[in-house]
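The structure appears below as C-alpha cells.
Protein chains get the first letters and strands the later ones, always in sequence-line order, with residue 1 at the start of each.
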Amino acid sequence: MSEASLSSGADGRGRGLPALALVPKTDEKQSMKDFKSDQEVRWCPGCGDYAILAAVQGFLPELGLRKENIVFVSGIGCSSRFPYYMNTYGMHSIHGRAPAIATGLASSRQDLSVWVVTGDGDALSIGGNHLIHALRRNVNLKILLFNNRIYGLTKGQYSPTSETGKITKSTPLGSLDHPFNPVSIAIGAEATFVARTIDSDRKHLTSVLREAAAHPGTALVEIYQNCNIFNDGAFDQLKDPDTRDDVTIRLEHGQPVKFGTDLRYGVVRNASGQLDVAEVAEVGEDALLVHDAHAENPELAFALSRLGDLTSNYHTPIGVFRNVERPVYDTLMADQLAADTAARGAGDLAALISGNDTWTIS
Amino acid sequence: MSEASLSSGADGRGRGLPALALVPKTDEKQSMKDFKSDQEVRWCPGCGDYAILAAVQGFLPELGLRKENIVFVSGIGCSSRFPYYMNTYGMHSIHGRAPAIATGLASSRQDLSVWVVTGDGDALSIGGNHLIHALRRNVNLKILLFNNRIYGLTKGQYSPTSETGKITKSTPLGSLDHPFNPVSIAIGAEATFVARTIDSDRKHLTSVLREAAAHPGTALVEIYQNCNIFNDGAFDQLKDPDTRDDVTIRLEHGQPVKFGTDLRYGVVRNASGQLDVAEVAEVGEDALLVHDAHAENPELAFALSRLGDLTSNYHTPIGVFRNVERPVYDTLMADQLAADTAARGAGDLAALISGNDTWTIS
Amino acid sequence: MTKQVKQIDRVVIRFAGDSGDGMQLTGDRFTSETASFGNDLSTLPNFPAEIRAPAGTLPGVSSFQLHFADHDILTPGDAPTVLVAMNPAALKANIRDLPRGAEIIVNTDEFSKRAMAKVGYATNPLEDGSLDAYNIHAVPLTTLTVESLAAFDISKKDAERAKNMFALGLLSWLYHRPTESTIAFLQKKFAKLPVIAEANVAAFKAGWNFGETTEGFAVSYEVAPAKLPAGTYRNITGNLALAYGLVAAGQRAELPVYLGSYPITPASDILHELAKHKNFDVRTFQAEDEIAGIGAALGAAFGGALGITTTSGPGVALKSEAIGLAVSLELPLLIVDVQRGGPSTGLPTKTEQSDLLQAMFGRNGEAPVPIVAPRTAGDCFDAAIEAARIALKYRTPVFLLSDGYLANGSEPWRIPNVDDLPDLRVEFATEPNHENEDGTKVFWPYKRDPETLARPWAVPGTPGLEHRIGGIEKADGIGTINYEPANHDFMVRVRQAKVDGIAKDIAELEVDDPTGDAKVLVVGWGSTYGPIAAGVRRVRAQGGKVAQAHLRHLNPFPANTAEVLKKYDKVIVPEMNLGQLALLLRAKYLVDAIAYNQVRGLPFKAEELAHVIQEVIESV
Amino acid sequence: MTKQVKQIDRVVIRFAGDSGDGMQLTGDRFTSETASFGNDLSTLPNFPAEIRAPAGTLPGVSSFQLHFADHDILTPGDAPTVLVAMNPAALKANIRDLPRGAEIIVNTDEFSKRAMAKVGYATNPLEDGSLDAYNIHAVPLTTLTVESLAAFDISKKDAERAKNMFALGLLSWLYHRPTESTIAFLQKKFAKLPVIAEANVAAFKAGWNFGETTEGFAVSYEVAPAKLPAGTYRNITGNLALAYGLVAAGQRAELPVYLGSYPITPASDILHELAKHKNFDVRTFQAEDEIAGIGAALGAAFGGALGITTTSGPGVALKSEAIGLAVSLELPLLIVDVQRGGPSTGLPTKTEQSDLLQAMFGRNGEAPVPIVAPRTAGDCFDAAIEAARIALKYRTPVFLLSDGYLANGSEPWRIPNVDDLPDLRVEFATEPNHENEDGTKVFWPYKRDPETLARPWAVPGTPGLEHRIGGIEKADGIGTINYEPANHDFMVRVRQAKVDGIAKDIAELEVDDPTGDAKVLVVGWGSTYGPIAAGVRRVRAQGGKVAQAHLRHLNPFPANTAEVLKKYDKVIVPEMNLGQLALLLRAKYLVDAIAYNQVRGLPFKAEELAHVIQEVIESV
Ligand SMILES: Cc1ncc(C[n+]2csc(CCOP(=O)(O)OP(=O)(O)O)c2C)c(N)n1
Ligand SMILES: Cc1ncc(C[n+]2csc(CCOP(=O)(O)OP(=O)(O)O)c2C)c(N)n1
Ligand code: SF4
Ligand code: SF4
Ligand SMILES: [Mg+2]
Ligand SMILES: [Mg+2]
C-alpha cells in the first residue's frame with residue numbers, strides 16, 4: 001500500500017516551491033520583526049490569535065520572498081484583523097468575501113504570494129460559497145482558517161463549527177445545527193491541499209505552513225484557535241499534556257498512522273473497510289494504515305477526516321490530510337492569455353473595433 | 001461486511017414515512033393530472049425537464065398527501081420554472097436562494113411537504129452556500145437538482161458541473177475550472193441523504209423520489225438532465241443502449257455492487273483500500289463491495305461518489321449513495337418551542353414587558 | 001461625622017476605563033439604581049469595536065454616560081459633570097468633553113509612568129496642574145479595593161477586578177442611590193461563585209463607606225425623583241423594547257413569529273432576546289448569512305408567520321435583492337435595520353442615520369417599501385408594532401430603522417397595558433375570490449382589496465387555493481407570468497399606489513409650536529428626537545420661537561406633511577448623515593430645507609442644535 | 001416583366017415568428033445588408049425570457065424591428081410599416097401595433113385551424129375580412145422553401161428551417177438590399193455543413209426570385225443611402241460597443257483588464273465578448289456569483305488592473321455591500337449595469353431605466369459613486385471610456401448605466417480613430433509620500449491629491465509602500481483604523497467632496513435650443529435620447545419651440561445644470577421608470593420638473609413624446 005501511495009506523488013510534480021516560482025526573492029536576510037507592522041495588536045489578552053500571528057511572522061522569513069510581494073487578505077472577524085499586524089500589503093475586506101477578492105488578485109498577479117486569513121464564521125457561514133469555489137478552482141491562495149468554533153467579534157454566537165446543542169447568546173436552549181467538519185467539506189469541494197493544526201503547537205503549525213506555502217494552488221489550513229473570552233478551552237483535550245497524546249493523531253505522509261503515549265494506538269481499516277483506531281499491540285504494525293497525502297483519489301483523506309469527534313476532540317487527526325497536484329487556476333489563465341497572444345499577436349485595437357463589415361461615407 | 005452494514009440501518013429508525021408523518025393525507029384517489037397546473041409548459045421541445053416533470057407528477061399520487069400541503073420552491077433557471085407547472089403551492093424565487101426560503105417554510109410548517117427544484121448553477125454556483133447549510137442542518141426538504149452541466153436560461157455558459165476545458169459562450173478557449181461532484185460535496189457537507197438519477201430513466205427516477213420522500217430530513221437528488229439546446233448529449237453514454245449498461249453502476253443498499261452486461265463487472269476495494277472496478281469473474285463474488293447506504297460513517301458513500309468520471313460518464317454510480325437518520329432541524333426547533341412552553345407555560349406578554357425592575361408613579 | 005447634602009436637579013456622569021474594567025456593567029447598575037429611584041434618565045454607552053482592545057490604550061477606552069434628573073430629560077447630556085476615570089487613557093480620552101469645574105474621580109493606582117507614557121502624558125496630569133480647571137478626587141481605587149477584600153480567600157486578580165464595584169459604591173453614596181438592587185444583582189450574577197459574589201458586594205459597600213468616611217468627599221448630592229406621567233415604569237434599551245415590540249406584534253396578530261437573522265452589531269441583541277421567548281411561539285433561526293436570514297423569514301411568511309429579519313446597514317445591502325422579491329411577492333415582512341456608522345464596515349459600534357436612502361431605493365427596479373422609524377429607546381416598542389401592522393395589512397415588506405444610539409441607550413419606559421395594544425389580526429384567504437366566464441370559481445393571488453390594494457394571503461394548507469407566485473412580473477389579478485407592456489406598467493404603478501395609499505392610514509404629522517407663530521420649523525426622524533427636542537427647549541427657554549415636527553413614517557410621508565412644511569419660512573433638518581431626509585423632502589415638496597448634518601458616530605448635542613436653530617431664527 | 005420601383009425615404013419592418021423561427025437572425029442579416037448599403041438605421045429586438053417558448057403561442061413570439069432611412073434617424077420607429085408574420089401567433093401578437101395601410105407578409109402554410117385556434121382566431125383572419133385595413137401578401141413560405149430545395153439531399157425539417165432565409169430573400173428584393181454579405185455569412189455559418197449552407201443560400205435566392213417573378217409584389221422600393229457625416233462606419237449593438245469601450249480603456253490606460261462577472265440577461269454578451277480578446281491582456285473570470293464577480297474585480301484593482309464587473313439590476317443589488325467596500329478602499333472599479341425590467345426578476349429581456357436611484361443610494365452609509373450613462377448603442381463605447389477615466393483618475397468605483405434597449409439595439413457607428421481616444425494612463429505610487437517628525441519617510445495610503453482628492457494607488461510589489469486598507473473607517477492621511485468622531489465626519493465629507501469635485505472635470509450640459517427662445521426644456525438620460533430627440537424634431541417640424549438637454553453624467557451633475565434648468569419655464573423629464581432623475585433634479589435644484597413616465601419594457605415612441613411636449617408647450 002505504502003508504495004502505491006508514495007508513487008502517486010513520487011513524480012514530485014508540484015512539489016518543492018513552484019508555488020512561489022514567480023514571486024521575486026530577496027537577498028536581504030529577513031527576520032520575524034521585518035513582518036511586524038507598527039500597529040498595536042488589538043486582540044484580547046490570551047487570545048490564540050497571538051500565537052498564530054507569531055508563528056506566521058516567524059515562518060515567513062524562511063520563504064525569502066520580497067515582502068512587498070506578499071499580500072494578506074481577510075474578511076471580517078477577530079481573526080480577520082490579522083493583515084493590520086503584518087508589515088506586507090494587506091486588505092481587511094468584508095465578511096466572507098476574502099477568497100473571492102484574493103482570487104482576483106492572485107489570478108491577475110502571479111508574482112504575488114497571496115494569503116487569506118479567515119474565521120469559522122467568515123469562511124464557513126457567510127463565505128462558504130467562495131471558499132468551496134476557490135478550492136475547486138485551485139487558485140494559488142494559502143487560506144488560514146482560524147477555527148475557534150464561535151463568532152468572536154460579535155460576542156459569542158455559535159458558528160457552523162460549534163458542536164450541536166451549544167449554549168450561546170443566540171441559542172439559550174442549545175444550538176440545533178449539525179456542525180461542518182472543515183476538512184471533510186474542503187475535500188468534498190475538490191481541494192488539492194487540506195491540513196489541520198493547532199494555535200498552541202508552534203512547531204506543528206510552522207511545519208504545516210511550510211507545506212502549504214510549497215503547494216501550488218489553493219491550500220486550506222484549518223487552525224484550531226482558542227477564544228478565551230467566548231469559547232475558552234474548546235480544544236483543551238488536544239493541548240492538555242495529560243490527554244493530548246492520546247487524543248491527537250499526527251498524520252505524516254508515507255508513515256503508518258500511530259499515536260498515543262509511546263505510540264500504542266494506530267489507525268486500521270476494519271472489516272467493513274472503514275477506518276478505525278486499534279491498539280498496535282493487538283493488530284500488529286503491518287495492519288496499520290500508511291498515510292498517503294498524495295493519493296489522487298481523495299477517499300482516504302476523507303476517511304481520515306471522519307476519525308475525530310468534533311465534540312470531545314477525541315482522535316483528532318492533525319497534519320496534512322491531502323496534498324496533490326492539479327493545474328493552478330492562475331497559471332491556466334495566464335497560459336490562455338499567452339497562447340492567444342502567441343497565436344494571434346497582441347491585439348490591434350483599430351482592427352478590433354472596425355470589424356469586417358464597414359462602409360465609408362465621404 | 002454486509003451484515004455490519006445492514007444492521008447499521010436495520011433498526012429502521014427514520015425509515016418508512018415519518019418524514020411526512022405530520023402532513024395531512026387525502027382520502028381521494030389522486031392521479032397524475034391532479035398535479036398538473038393549467039399553465040402551458042415553456043421549456044424547449046425535447047428538454048429533459050419534461051420527463052422529470054412527468055415523473056414527479058406521476059409519483060406524487062403515491063404519497064397520498066393533500067395537495068394543498070405540498071409546496072415547490074425554486075430559484076431561477078430553466079429548471080426553476082418547475083413550480084408553475086405543478087398544481088400545488090409554489091414559489092419561483094430568486095437565483096440560488098430556494099434552499100434558504102424553503103428552510104424558513106419547512107421549519108415553521110411541519111404539516112407541509114416541501115420540495116426544492118434547482119439547477120446546477122442555481123444550486124452550486126450562486127446557491128452553493130445555502131445548499132450545504134441546508135444539508136448539514138438536515139431540514140425536511142427534498143431537493144431536486146437538475147444537473148445539465150450548463151447554464152440553460154442564460155443561453156449556455158459553463159456551470160460548476162461542466163467538465164474542465166468546456167467551450168461555451170463565456171469560455172471560447174475552454175473553461176479552466178475543475179468541476180464539483182455534487183454527490184461528493186453533499187456528503188462532505190454532512191448530508192444525510194444523497195442520490196443520483198437520470199431524467200430519461202422514469203423507473204429509476206421514481207424509485208429515488210420514493211426513497212427521498214421517505215427520508216426524514218434533507219434529501220439531495222441529483223438528476224442528470226439533458227439540455228438539448230446548449231449541452232445536448234451530456235449524458236449519452238448513460239442513455240445509449242449500447243453503452244449504458246457498461247458505464248452505469250446501479251447502487252442498491254445491502255446488495256453487492258455489480259453492473260455491466262450480464263453483470264460482469266463489480267466494485268471492490270483494491271490493495272490500497274480504494275474502490276476499484278474489476279471483472280467479477282476474476283475477483284469472485286465474495287470480493288465485491290456490498291453497498292451500505294445506511295452506514296453512519298459517510299466514507300463509503302464518499303468513496304463511491306469518486307468512481308464515476310465526470311467527463312466520460314464512465315462508471316457513474318446512480319441510486320442512493322447515502323441514507324442515514326439524524327434528528328431533523330424542523331423537529332428539533334418545534335420540540336424546543338414545545339419544551340419551553342411546557343416548562344414555562346405559554347408566554348405572558350404583560351409579565352414579559354414589565355420585567356422585574358419596575359417603579360410606579362402616581 | 002455628618003456631611004453636607006446638596007439638592008441638585010440633574011447630573012451627567014461618565015464612567016470610563018479599559019474595555020476590561022467593566023464600565024458598561026458599572027453604568028448599567030448605576031442606571032438601574034437610578035431608574036428604580038425614580039429619576040428620569042438617559043444613557044449613552046460608547047465602546048470600541050474590538051472585544052478587549054489592549055489595556056491602557058486610547059482605542060481601548062470604554063465609557064458609559066448617564067444623565068439623570070428630577071424632571072423629564074431628553075438626552076444623555078452634552079457634557080459630563082462627573083467623570084470617573086479608571087486609568088490615564090480614560091482620563092485622556094474623555095477630558096476634552098468636560099466643562100471646566102467638572103468633578104473627576106481618578107484611580108491613582110493606574111497612574112504609573114509607563115501607563116501615562118503609553119497615552120502620551122509626559123508628566124503626571126494629576127500633579128502638573130494641567131487639571132486645575134477641574135475638581136479632582138484622586139483615589140487609589142485598586143489599593144482600597146484590594147485592602148477591603150483582604151479577608152476574602154480570592155486571588156489578587158479577582159480582588160482587583162472588583163474595583164469597578166468599589167467605584168460604583170462610592171458614586172452610589174455620592175448621589176444617594178438605593179443599593180439593594182445592585183447587591184441582589186451581584187449575588188445572582190455570581191451565584192455559582194459565592195466568594196466572588198460576596199467579595200464584589202463587599203467592595204461595593206466599601207466604596208460606599210469610603211465616601212461616607214473620607215474627607216475627600218465633603219458633600220453628597222440628592223436628585224429628587226422626577227414627576228413623570230402616572231404609570232408603572234421600567235428602564236429599557238431600544239433593542240430590548242424593539243424585541244418586545246416584535247413579540248407583542250406576534251401576540252396581537254395571533255401569528256407565530258419567525259426571525260431569520262445573521263448576527264451583526266448593533267442588531268445582534270434583538271436576535272439574542274427573541275431567542276429567549278420560544279414560549280411565545282417565536283422561532284429564531286441563525287442563518288448562514290443575511291440573505292438566508294431574510295430568505296427564511298420570507299419563506300415563513302409565505303407559510304403564514306410574521307416573518308422578520310434583523311440586521312444593520314451592511315446586512316441590508318446584502319438583503320437588497322431578496323427585499324425586491326418580497327416587494328414582488330407582496331408578502332408581509334419586517335426588515336429591522338439598526339443603523340451604524342458607514343460606509344462599508346465603517347464604525348460598527350457607533351450610531352448613524354445613513355441608511356434611509358438605502359431603505360428607500362436600495363433595490364433594482366421600482367420597488368417601494370414603507371419605512372417606520374422609532375424616536376426613543378422606549379418608542380422602539382410601538383414603532384415595531386406599527387411596522388408590523390403595516391406589513392400585515394398591506395402585505396408588504398416594511399423597514400424599521402433604528403440605530404446604535406437607540407439600540408444601546410436606555411430610558412425609563414411607561415409600561416403599556418397589553419390590552420390597549422393595537423389588534424393586528426389578519427384574515428387568511430380561505431375561498432376562491434374570482435369567477436371565470438364559465439362560472440367556475442378560482443383563486444386569483446393578485447386580485448387586490450380595492451381599499452388597501454393588498455393582495456390575499458393564502459397560505460399553503462388551504463384547499464382549493466393552490467397557487468404559484470414569483471419574482472417575474474405577473475398578470476394583474478390572476479398572477480400568472482406576464483410580459484405584456486401595459487400589464488407591467490400597471491403593476492409597477494399599482495405597487496407604488498399601494499404604498500402611497502398607506503398615507504391615509506397613518507397618524508398625521510404633529511407639530512409642536514406652542515406659541516403658534518414660530519417662523520422656523522425643525523424636522524427630524526429617528527433617534528435625533530431627543531437632542532432636537534432638547535435643543536428646541538433651550539431656544540424657547542431663551543425666548544426663541546421654533547416649531548418641532550418629528551417623522552415616524554418616512555415612506556409614505558404623513559398626508560399633511562406638505563401643509564406643515566409650507567407653514568414655515570425656514571425648515572431645518574438635522575440628521576446624522578449628509579442630508580438624506582432633507583433630500584426626500586426637497587424632492588417631494590420642493591421646500592428649501594436646510595440640512596444640518598453631523599456624521600460623528602455620536603448623537604447631536606442639544607446645545608449645538610440650539611445654536612443652529614437660534615442662528616436660523618435670527619436669519620429670518 | 002419589369003416591375004415598378006418606388007423611391008421612399010424610410011421604412012419600418014418587423015420580422016415576427018416563433019422563438020424557433022430564427023427571426024433575430026433574419027433581422028440581423030437584413031440589418032447588416034441595410035447597414036452596408038449605407039442607410040441610417042435603428043433596431044429593436046424583442047424576445048421572451050424563455051429559450052424556446054412553445055411553438056405557435058403568443059408568449060412564444062419573437063420579433064425584430066428595423067427602421068432604415070435615407071436620412072439620419074433616431075429610433076427603431078414607432079410603428080412598423082411592414083410586418084412579416086411567420087404564423088398566426090406572430091400576426092395576432094403584432095397586428096395592433098400596425099397603422100392602417102401597412103403591408104403584411106404572412107406565411108399562409110402555418111394558418112391551420114389548430115394553429116389559429118391556439119391563439120384565439122375563431123375564423124381565418126386572412127379571409128374573414130378583419131384585415132381589410134391592411135395590405136396583405138399571403139405567401140406559402142414553407143411550401144415554397146421546401147419546393148425550392150427539392151434538389152437538395154436534406155431532411156424536410158432542415159428544408160423547412162430555411163424558410164426564414166426565403167423570407168429574407170423576398171424582403172431583400174423588395175427593398176433592393178445587397179445580398180453578398182448574407183450569402184457569405186451563410187457559407188461561413190454552416191461551413192461544417194456545406195449542404196445546409198447551400199440550401200440556405202438557395203432558399204435566400206429563391207425568396208429573391210419569388211419577389212422578382214410573382215404578381216403578388218407589383219412594386220419594389222428603393223431607400224437611398226443616408227448622408228451621414230463623413231467617415232468609416234459599421235453597424236454595432238450597445239453591448240458590443242460597450243465591450244469594445246472596455247477593451248479600449250484598458251489599452252489607453254496601458255493596464256491589464258480584469259472582468260469579474262456572473263452571467264445575467266441582458267449583460268451576459270459583454271462577458272462573452274471580452275472573453276474573446278485575451279490577446280488584449282483582458283482576463284475574464286466567470287465567478288460563482290455576483291459578489292465574487294465584483295470581489296475578484298476589486299482584488300485585481302488592488303493589484304493594479306482595470307477592474308470591471310458587468311451585471312443587471314438584480315446583480316447590482318447583490319453587489320451593494322462590495323461597492324460600499326470599494327468606496328471605502330477608494331480603488332478604481334467599473335460597475336456596468338445593463339438595466340432590465342424590475343423589480344426582482346421582473347422582465348429579464350425587456351428594457352427599463354429603474355436602477356438610477358439604486359446606483360445612487362443602494363449601499364449602507366454615505367457612499368457616493370459617480371454615474372455615467374450612454375445615450376445610444378454607439379455611444380456605449382465612449383461612455384465606457386469616460387467611466388474608466390473617472391474611475392482611474394479619482395480612484396473610485398463608477399457606475400455605467402446601460403439598458404436592454406441599448407444593449408441589443410443597433411445603429412451605424414462612425415468608427416473612431418484609435419489615436420484620438422483619451423489618454424487614460426495613471427501613475428502608480430512608487431515613493432513614500434509623507435515625512436514623520438523624526439524625518440523618516442513613510443507611505444500614507446490616504447494622503448490625497450489636493451486637486452482631485454484621489455488617494456495614491458500603490459500596488460503590491462512596490463517596495464517600501466507596504467500598507468493595509470480596509471472597510472473600517474480610517475484616519476485621514478495615514479489610513480490606520482480610526483474611530484474618532486471628528487475623523488469620521490471629515491472622511492465622510494471628503495469622500496463626498498471627491499465625487500462632487502468631478503463636476504469640474506466633465507463636459508458641461510449642452511442644450512439644443514435652435515431658436516434660443518424655447519420656454520420648455522426636455523431633460524433625459526440614457527437610452528431615451530433617441531425617442532426624445534425624435535419627439536423634439538416632430539414638435540419643431542410642426543413649429544413648436546422646445547429645448548433638449550441630455551445628461552451623460554448623473555453623479556455628479558454637470559456644473560452648469562442649475563443654470564440650464566433655471567432658464568426654462570417648464571422642464572419635462574421623460575423616463576422609463578417612475579421618475580428617478582426627476583427626483584434627483586427636484587431635490588438638488590428645487591425645479592418643479594414634470595416627470596413623464598412609462599414602464600412598459602419598451603422604448604418611448606417619438607409620437608407620444610411629441611404629443612406630451614406639445615401639451616406642455618401649450619400649457620405655458
Ligand atoms: C455582512 C456582515 N454581516 C455580519 C457581520 C457581523 N460579523 C462580524 S464578524 C462575524 C463573525 C465572526 O466569526 P468568525 O468568522 O468565526 O471570526 P472570529 O471573530 O471568531 O475570529 C459577524 C457575524 C458583518 N461584519 N458583516
Ligand atoms: C441574481 C441573479 N444573477 C444571475 C441571474 C441570471 N441567471 C438566471 S438562471 C442562471 C443560471 C441557470 O443555470 P442553472 O441553475 O443550471 O439552470 P438551468 O437553466 O440550466 O436549468 C443565471 C446565471 C439571475 N436571474 N439572477
Ligand atoms: S473575542 Fe475571542 S477570538 Fe476575539 S480577540 Fe477575544 S479571545 Fe480572540
Ligand atoms: S435551454 Fe436547455 S434546459 Fe433550458 S429549456 Fe431549453 S433545453 Fe431545457
Ligand atoms: Mg470564529
Ligand atoms: Mg443547468
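- Contacts of Lys474(C) with chain D are absent, with no heavy-atom separation under 4.5 Å from either backbone or side chain.
- Put simply, of Gly324(C), Gly315(C), Ser344(C), Ala322(C), the one with the most heavy-atom pairs under 4.5 Å next to chain D is Ser344(C).
- For Tyr262(C), the ring-ring contact (aromatic ring centres under 6.0 Å, His included) test picks out His95(A), Tyr151(A), with sequence neighbours left out.
- Across Leu578(D) and Glu366(C), no two heavy atoms sit closer than the pair N-OE2, 2.8 Å.
- Residues Arg586(D) and Tyr589(C) have side chains not in contact (no heavy-atom distance under 4.5 Å, counting atoms from C-beta outward).
- Between Val591(C) and Leu590(D), the shortest heavy-atom contact is O-CD2, 3.8 Å.
- Of all the listed residues (Asn482(C), Leu356(C), Ile481(C), Asp355(C)), the one sharing the greatest number of non-hydrogen pairs under 4.5 Å with chain D is Asp355(C).
- For a residue to count as touching a neighbouring chain, one of its non-hydrogen atoms must lie under 4.5 Å from one of that chain's; by this rule Val316(C) does not touch chain D.
- For Arg340(C), no part sits under 4.5 Å from any heavy atom of chain D, backbone or side chain.
- When side chains are defined from C-beta on, Asp489(D) does not count as touching Asn597(C), because their heavy atoms never get closer than 4.5 Å.
- Side-chain contact check for Glu352(C) versus His488(D): some heavy-atom pair is nearer than 4.5 Å.
- Contact count against chain D (heavy-atom pairs under 4.5 Å) is highest for Arg363(C) among Arg363(C), Met491(C), Gln598(C), Glu473(C).
- With a 4.5 Å cut-off on side-chain heavy atoms, Pro343(C) and Arg495(D) count as touching.
- The backbone N or O of Gly342(D) sits nowhere less than 3.5 Å from a side-chain atom of Asn364(C) that would complete a donor-acceptor pair.
- In terms of heavy-atom proximity, Glu50(D) sits nearest to Tyr483(C) at OE2-OH, 2.7 Å.
- If you tally non-hydrogen atom pairs under 4.5 Å between each of Ala49(C), Pro48(C), Ala582(C) and chain D, the highest count goes to Ala49(C).
- With a 4.5 angstrom heavy-atom cutoff, Leu602(C) touches chain D only via side-chain atoms.
- Atom CG of Asp289(C) sits about 8.0 Å away from atom CD1 of Ile291(D), to the nearest 0.5 Å.
- In terms of non-hydrogen atom pairs under 4.5 Å with chain D, the most contact-rich of Gln339(C), Gln580(C), Met360(C) is Gln580(C).
- Comparing Leu325(C), Val327(C), Asn577(C), Val599(C) by how many heavy-atom pairs each has under 4.5 Å with chain D, the most go to Val599(C).
- In this structure, chain C has no heavy atom under 4.5 Å from any part of Lys319(D).
- Between chain C and the residues Gly471(D), Gly362(D), Ser320(D), Gly313(D), the largest count of heavy-atom pairs under 4.5 Å involves Gly471(D).
- The parts of Asp592(D) that come within reach of chain C are both its backbone and its side chain, each placing non-hydrogen atoms under 4.5 angstrom from that chain.
- The side chain to side chain contact (heavy atoms under 4.5 Å, CB included) search around Glu321(C) returns Ile94(B), Arg97(B), Pro314(D), Ala317(D), Leu318(D), not counting sequence neighbours.
- At a 4.5 Å heavy-atom cutoff, Gln353(C) makes no contact with chain D through either its backbone or its side chain.
- Here the straight-line distance linking atom CZ of Phe361(C) with atom CG of Leu583(D) works out to 5.0 Å at 0.5 Å rounding.
- Per-residue heavy-atom pair counts under 4.5 Å with chain C were compared for Lys350(D), Arg493(D), Gln496(D), and the maximum is reached by Arg493(D).
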